[in-house]
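Throughout, protein chains are lettered first and strands after them, A, B, ... in sequence-line order, and every chain is numbered starting at 1. Keep in mind that what you see is a predicted model, and the values were worked out from it rather than measured. Keep in mind that the numbers below use all heavy atoms, side chains included, and drop hydrogens, waters and symmetry copies.
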There are 2 protein chains.
Amino acid sequence: MIRGVKTRRHPENTREKTYMSQADTKQDTKQLILDAAERLFARNGFHNTSLRSITSKAGVNLAAVNYHFGSKGALLDKVFERRLLPLNKIRQDKLEDVRNSAKKQGRRPGVEDVLRAFIEPTLCFRNSGQGAEDFIVLVGRTIHEPDNTVLKIFLSHVDPLFNLIFEILQEALPDIPKDHLFWRLQFTFGALGHTMCKVDRLQFLSEGLTPGPDTNSLTQMLVQFVTAGMETT
Amino acid sequence: MIRGVKTRRHPENTREKTYMSQADTKQDTKQLILDAAERLFARNGFHNTSLRSITSKAGVNLAAVNYHFGSKGALLDKVFERRLLPLNKIRQDKLEDVRNSAKKQGRRPGVEDVLRAFIEPTLCFRNSGQGAEDFIVLVGRTIHEPDNTVLKIFLSHVDPLFNLIFEILQEALPDIPKDHLFWRLQFTFGALGHTMCKVDRLQFLSEGLTPGPDTNSLTQMLVQFVTAGMETT
DNA sequence: GTTTGATTTAAACACATGTTTGAATACCTG
DNA sequence: CAGGTATTCAAACATGTGTTTAAATCAAAC
């Protein structure tokens with residue numbers, strides 16, 4: 001947990017959950033709040049979303065957020081955690097697959113493989129369940145979040161993964177100076193984050209083109225783009 | 001002006017500025033507000049910046065913002081306008097230089113030239129005067145701004161330029177499908193916007209490397225990266 | 001049925017927000 | 001100086017914010 005969460009009657013903090021058959025109901029409320037918060041944070045931003053709009057969308061009482069999560073910031077933390085735990089597992093597994101199968105074959109990891117291992121699960125996560133599209137937009141935006149409190153909550157969930165892909169990229173491209181590689185990875189994160197934000201808002205340019213590509217071809221386009229940028233000499 | 005700005009005693013709306021020698025003083029106050037707002041919007045975001053923090057940083061009265069600008073949103077509009085008018089002029093001129101000198105020589109515009117004509121003035125704008133660094137961060141963040149009101153204010157200033165570079169890119173790469181080119185340009189905007197945000201916050205990854213490159217080498221790295229991505233087949 | 005603890009509820013709290021007001025002040029014109 | 005306008009100022013306004021409280025409700029345990 002990042003920020004000191006004010007907890008007095010927070011159920012998570014009572015010694016033991018004595019009555020567990022109430023779990024269903026409580027999980028329901030928590031899920032409803034998480035779902036509503038995810039969507040509203042993604043659409044309006046953290047600071048521009050009120051707890052009242054969240055709870056009214058979720059159909060629960062205003063005090064439920066502070067009761068179940070402790071604070072608005074802790075709620076954001078849980079919104080990230082719920083999706084990022086499984087997503088990061090997938091990305092980490094794929095990245096280490098690329099690394100290991102290269103090592104087994106006595107060669108360097110392929111740049112395109114590394115980038116795809118990171119990008120594909122991220123973009124495909126959109127199609128992985130209700131509300132997942134909102135979450136992807138939320139993440140894409142949080143990368144550029146001005147508020148440091150919000151940014152730190154997010155980074156605490158993705159920092160290890162960012163370090164991992166940076167390591168493997170160094171193995172894939174040992175001849176490119178480390179600081180160059182660092183910035184090329186930043187360019188990649190920028191392109192990916194932007195894609196995550198804009199993928200379902202076709203009205204970016206004033207002309208009404210861009211019928212909105214499917215996830216697979218978008219992934220392919222992005223991987224191709226950043227691979228070329230990463231490998232150029 | 002984008003949003004309906006509530007104006008009752010707004011000086012800009014009086015028929016004529018009869019007494020012009022007060023312009024100095026008034027401009028002072030407006031400049032002070034613009035400077036403070038630019039910095040605070042960049043650091044904390046639009047919604048997380050209060051008019052009270054702006055006016056207290058500027059050393060002026062709280063009511064000055066509504067008096068001189070009409071509303072908080074109109075202030076943001078002017079913050080963009082002040083910097084974007086000259087910056088867009090430079091970028092447009094450079095882009096049309098590339099286009100025209102190619103046409104004169106009877107060849108297609110060079111992809112790297114096009115991208116550099118857009119990226120170089122943007123990143124170099126950081127070094128162009130006091131507060132310009134803040135503005136660059138502000139723009140980089142606004143690209144991903146959740147709030148539609150804020151986003152529209154920004155887009156109204158950059159839309160023509162985005163269309164121009166898209167046109168010239170199509171001339172430079174006529175064999176690449178239009179929708180592919182569109183997304184590659186989006187990837188480029190994403191990478192550029194991310195760079196604008198992160199250029200002076202070295203603490204992105206947990207390791208403390210990245211001594212912060214100078215603007216020129218960063219420009220070179222980014223242009224090289226996106227050129228390769230744009231040209232790949 | 002009574003007790004016990006978890007959860008929900010309506011109300012309030014304390015404070016921050018953008019905006020507006022009317023009087024005071026500053027400044028130029030005649 | 002007088003007259004008039006532009007600007008500043010302190011105060012208030014109306015509303016929205018995250019959080020807290022104490023009572024009410026609920027479900028299982030004994």
Side-chain angles (χ1 to χ4, degrees), chain A residues 3-33 37 40-41 44-56 58-77 147 149-150, chain B residues 3-33 37 40-41 44-56 58-77 147 149-150:
Chain A
R3 291 251 285 175
V5 180
K6 299 142 190 171
T7 54
R8 231 177 23 88
R9 301 188 305 182
H10 190 191
E12 230 65 51
N13 290 15
T14 58
R15 285 291 166 270
E16 287 299 329
K17 302 172 197 173
T18 353
Y19 304 96
M20 278 309 294
S21 56
Q22 290 185 355
D24 295 345
T25 333
K26 192 189 64 180
Q27 292 297 354
D28 260 10
T29 301
K30 287 184 82 166
Q31 296 286 345
L32 287 170
I33 292 175
L40 291 172
F41 285 159
N44 310 321
F46 178 75
H47 288 291
N48 206 22
T49 302
S50 67
L51 289 186
R52 283 166 180 81
S53 69
I54 293 173
T55 52
S56 92
V60 303
N61 187 272
L62 167 64
V65 169
N66 287 281
Y67 177 74
H68 284 289
F69 297 93
S71 71
K72 190 186 178 187
L75 168 60
L76 179 67
D77 191 69
D147 186 70
T149 306
V150 176
Chain B
R3 289 252 285 177
V5 180
K6 299 142 191 172
T7 54
R8 232 176 23 84
R9 302 187 304 179
H10 191 192
E12 232 64 53
N13 291 13
T14 58
R15 284 291 166 269
E16 287 298 328
K17 302 172 196 174
T18 352
Y19 305 97
M20 277 309 293
S21 57
Q22 290 185 355
D24 295 347
T25 332
K26 194 189 65 182
Q27 291 297 355
D28 259 11
T29 300
K30 287 183 82 167
Q31 295 288 344
L32 287 169
I33 292 174
L40 290 171
F41 285 159
N44 310 320
F46 179 74
H47 288 291
N48 205 23
T49 301
S50 68
L51 289 186
R52 282 167 180 81
S53 68
I54 293 173
T55 52
S56 91
V60 304
N61 188 273
L62 167 63
V65 168
N66 287 280
Y67 177 73
H68 284 289
F69 297 93
S71 72
K72 190 186 179 188
L75 168 62
L76 178 67
D77 190 68
D147 185 70
T149 305
V150 176

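Summarising the geometry, the separation between CD1 on Ile54(B) and C1' on dT19(C) is reported as 14 Å, rounded to the nearest angstrom. Asn61(B) has its CG atom 12 Å from the C1' atom of dA24(C), to the nearest Å. In this structure, Ile33(B) places its CD1 atom 13 Å from C1' of dC9(D), rounding to the nearest Å. Distance, Asn66(A) CG to dA11(C) C1': 15 Å, rounded to whole Å. The CZ atom of Phe69(B) sits 12 Å away from the P atom of dT7(D) (whole-angstrom rounding). As rounded to whole Å, 11 Å separates atom P of dT8(C) from atom NZ of Lys30(A). Atom CG of Asp28(A) is separated from atom P of dA6(C) by 19 Å (rounded to the nearest Å). The nearest whole Å value for the distance from the CG atom in Asn44(A) to the P atom in dG16(D) is 15 Å.
With hydrogens and angles ignored, the 3.5 Å screen pairs a side-chain donor or acceptor of Thr55(B) with a backbone N or O of Leu51(B).
Within the 4.0 Å cut-off from OP1 or OP2 of dT7(C), not a single side-chain nitrogen or oxygen of Thr29(A) is found. Contact annotation: His47(B) does not reach the phosphate of dT17(C) (side-chain N/O to OP1 or OP2, under 4.0 Å). Taking 4.0 angstrom as the limit, Ser50(A) places a side-chain polar atom (N or O) nearer than this to OP1 or OP2 of dT17(D). The side chain of His68(A) contributes no N or O atom lying less than 4.0 Å from OP1 or OP2 of dA6(C).
Cation-pi contact between Lys72(A) and Phe46(A): present, with separation from the ring centre below 6.0 Å and deviation from the ring axis of at most 45°.
Residues Ala64(B) and Thr29(B) come closest through the heavy atom pair CB-CG2, 4.4 Å. The nearest pair of heavy atoms linking Ala37(B) to Leu75(B) is CB-CD2, 3.8 Å.
Distances from the side chain of Tyr67(A) to the nucleotides dT19(C), dG18(D), dA6(C) place dA6(C) closest.
Between Ile54(A) and Phe41(A) there is a side-chain heavy-atom pair separated by less than 4.5 Å.
The residue Thr49(B) sits close only to the backbone: its heavy atoms come under 4.0 Å of sugar-phosphate atoms, none of a base.
If you check distances only, the side chain of Arg52(A) never reaches the base of dG16(D) with a donor-acceptor pair under 3.5 Å.
Mapped onto DNA chain C by nearest heavy atom, Phe46(B) and Ala64(A) fall at different nucleotides, with Ala64(A) at the one closer to the 5' end.
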